There are 2 protein chains.
Amino acid sequence: MPKPQKHERVDRRVQRSRQLLQDALIAMMIEKGYEATTVQDIIDRANVGRATFYAHFADKETLLTSRLEDLRAFLIERQRQAPGLGFSLAMLEHARDHLPLYAAIVGRGGGSGAFVIQRIHATIVDLARRALQTLGMKGSPERRTLAAQYIAGAFMAVLTWWLDQAAKLPAEEVDGIFRTLVMRGLAAEVDAAAASRK
Amino acid sequence: MPKPQKHERVDRRVQRSRQLLQDALIAMMIEKGYEATTVQDIIDRANVGRATFYAHFADKETLLTSRLEDLRAFLIERQRQAPGLGFSLAMLEHARDHLPLYAAIVGRGGGSGAFVIQRIHATIVDLARRALQTLGMKGSPERRTLAAQYIAGAFMAVLTWWLDQAAKLPAEEVDGIFRTLVMRGLAAEVDAAAASRK
DNA sequence: TTCGTTAACGAATATTGTGTCCAAGAGTGC
DNA sequence: GCACTCTTGGACACAATATTCGTTAACGAA
């Protein structure tokens, strides 16, 4: 793998190859989904030699990861601006702004994009943990981790559902419902009789 | 694929082959995880011919699905006995009682069992929808679906985390925390100052 | 117990995708 | 302009999937 020169200088050919491959992956994901996309598809689309692919990325997964770093950076920045559950609206908007891509990840009967979803999930867990810290959650670290998992799992499910509905509802409304459910739970949503019945 | 005879009679050889293959899949999943298990592994373990495998199941995934029907039936039955969020404890106990299997599904860095988890997730969504009906949730069907997705996603995340911790906490405690989070939310868990800060 | 039916066998084969290698040539930065 | 490094393209080894088919063995109904 070509290594970065001293002083951060990166050979223009390297930049170009990486960019072409990343763009080609996105294009192929939209076209046939992540799982169904082969390395051959990617290098054909990028118009790059096979050996070049493996010179830069160990495999398809590594290439994906390199792309997800951008998403991660974006979310962390938005979280910084709006602490707490701020990642929620940021993520929903990001998905809406790249709807074809996200639809491909989430759609196709569900099975195809499981891996990508899992990677995003992991990022959300991290953000949720930060959120809980900001909110000053009490209890043992163990319980905080559990809560972060809870939040991230719930959010990913909501996001997935929303995208499967072609993002019909406004992102702001989904964000509101999600935050309410996280903070206040279902209690307000069910009638008193059933709630007392527990 | 061999078809069932009239009057539901099924050739003993068919029963035997199916059973052997299903058992072999479970055994291999425990041994090396779902993804890592190849059709070759399964037929070796089952001591069954390659062509026989494909005579009964289109692929590895179909074989798995045939096995997951059992879990589904179990959960629906338990839900019937304890309505509401009853599936939660039932599922946790089932996982605890088959810990090696579930550990293999959920563990291994997470990537390996994504597909299996997703199948279970779909079943939980169904159960959560029933739960919301039982609890008499108000609002549009759309909102109820969203809530069901929320609950299922949150539960699967909690389950996964719990199993990754080698099921250290008692199932009953995890069930309690989960149900509290779902019904009352995080409000009680964060300090007042942070909560008001929104 | 017999006998027609049906499933299992297993070995060969086509197919698809991965990841490695290398010598020749082209682009880049100094 | 030159030395250096990246890209190329095709060949290759390998792993796994899925299909095919003639032969053999098990089944179950009578």
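Computed from a predicted model, the values in this text were never measured in an experiment. Chain letters run A, B, ... following the sequence lines, proteins first, then strands; residues in each count from 1.
Checked against ring pair (Phe, Tyr, Trp, His ring centres under 6.0 Å), His98(A) has the following partners two or more places apart in sequence or in another chain: His94(A). Among residues two or more places apart in sequence or in another chain, the side chain to side chain contact (heavy atoms under 4.5 Å, CB included) test is passed with Asp126(A) by Arg72(A), Arg130(A). Qualifying side chain to side chain contact (heavy atoms under 4.5 Å, CB included) partners for Gln15(A), counting only residues two or more places apart in sequence or in other chains: Val10(A). By the side-chain hydrogen bond (donor to acceptor under 3.5 Å, both in side chains) test, Asp70(B) is found to be paired with Arg67(B), residues two or more places apart in sequence or in another chain being considered. Applying the side-chain hydrogen bond (donor to acceptor under 3.5 Å, both in side chains) criterion to Arg144(A), with sequence neighbours excluded, gives no partner residue.
Of the candidate nucleotides dC6(D), dT18(C), dA7(C), dT18(C) has the atom lying nearest to any side-chain atom of Val39(A).
Rounding to whole angstrom units, CD of residue Glu61(A) and C1' of dT18(C) are separated by 14 Å. In this structure, the CD1 atom of Ile42(B) is 16 Å from the C1' atom of dA15(D), given to the nearest Å. As rounded to whole Å, 17 Å separates atom C1' of dC22(C) from atom OH of Tyr54(A). Between the CD atom of Gln40(B) and the P atom of dC14(D) there is a distance of 17 Å, given to the nearest Å. Put simply, CZ on Phe57(B) is 16 Å from P on dT17(D), counting in whole angstrom units. Distance, Ile43(B) CD1 to dA7(C) C1': 16 Å, rounded to whole Å. Rounded to a whole Å, the CG atom of Asp41(A) is 7 Å from the P atom of dG17(C). Atom CZ in Arg18(B) sits about 14 Å away from atom C1' in dA8(C), given to the nearest Å.
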Show the atom names and distances, to 0.1 Å, of all donor-acceptor pairs under 3.5 Å that link a side chain in residues 166-178 of chain B to residues at least two apart or in another chain.
residue: Lys168(B); atom: NZ; partner: Glu142(A); partner atom: OE2; Å: 3.2
residue: Asp175(B); atom: OD1; partner: Ser88(B); partner atom: OG; Å: 2.5
residue: Asp175(B); atom: OD1; partner: Leu89(B); partner atom: N; Å: 3.4

Only pairs under 3.5 Å count here: list side-chain donor-acceptor contacts from residues 147-159 of chain B, not counting sequence neighbours, and write none if there are none.
residue: Tyr150(B); atom: OH; partner: Tyr150(A); partner atom: OH; Å: 3.3
residue: Tyr150(B); atom: OH; partner: Leu181(A); partner atom: O; Å: 3.4
residue: Tyr150(B); atom: OH; partner: Val182(A); partner atom: N; Å: 3.4

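Remark: the backbone N or O of Tyr34(B) is paired with a side-chain donor or acceptor of Lys60(B) at under 3.5 angstrom. Using a distance-only test at 3.5 Å, with no hydrogens or angles considered, no donor-acceptor pair links the side chain of Thr52(A) to the main chain of Val48(A). Of the possible polar contacts, none joining the Asp164(A) side chain to the Trp161(A) backbone as a donor-acceptor pair under 3.5 Å is found.
With a 4.5 Å cut-off on side-chain heavy atoms, Thr123(A) and Ile76(A) do not count as touching. At least one side-chain heavy atom of Glu93(B) sits less than 4.5 Å from a side-chain heavy atom of Arg78(B).
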Find every protein N or O atom lying less than 3.5 Å from an N or O atom of nucleotides 8-11 of chain D, and list the pairs.
residue: dT8(D); atom: OP2; partner: Gly49(A); partner atom: N; Å: 2.7
residue: dT8(D); atom: OP2; partner: Thr52(A); partner atom: OG1; Å: 2.7

Got a list of protein N/O to nucleotides 24-27 of chain C N/O distances below 3.5 Å?
residue: dG27(C); atom: N2; partner: Arg13(A); partner atom: NH2; Å: 3.3
residue: dG27(C); atom: N3; partner: Arg13(A); partner atom: NH1; Å: 3.2

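In this structure, His56(A) does not reach the dC6(D) phosphate: none of its side-chain N or O atoms is under 4.0 Å from OP1 or OP2.
Taken residue by residue, residues 62-70 of chain B places no heavy atom nearer than 4.0 Å to DNA chain C.
A distance of 10.0 Å separates CZ of Arg18(A) from CG of Leu63(A), quoted to the nearest 0.5 Å.
The list of salt bridge (Lys or Arg N to Asp or Glu O under 4.0 Å) pairs with a residue in residues 44-54 of chain A, not counting sequence neighbours, reads Glu31(A)-Arg45(A).
Over its length, the helix from dT1(C)-dA30(D) to dC30(C)-dG1(D) turns its helix axis by 40°, as judged from the five terminal pairs at each end, rounded to 10°.
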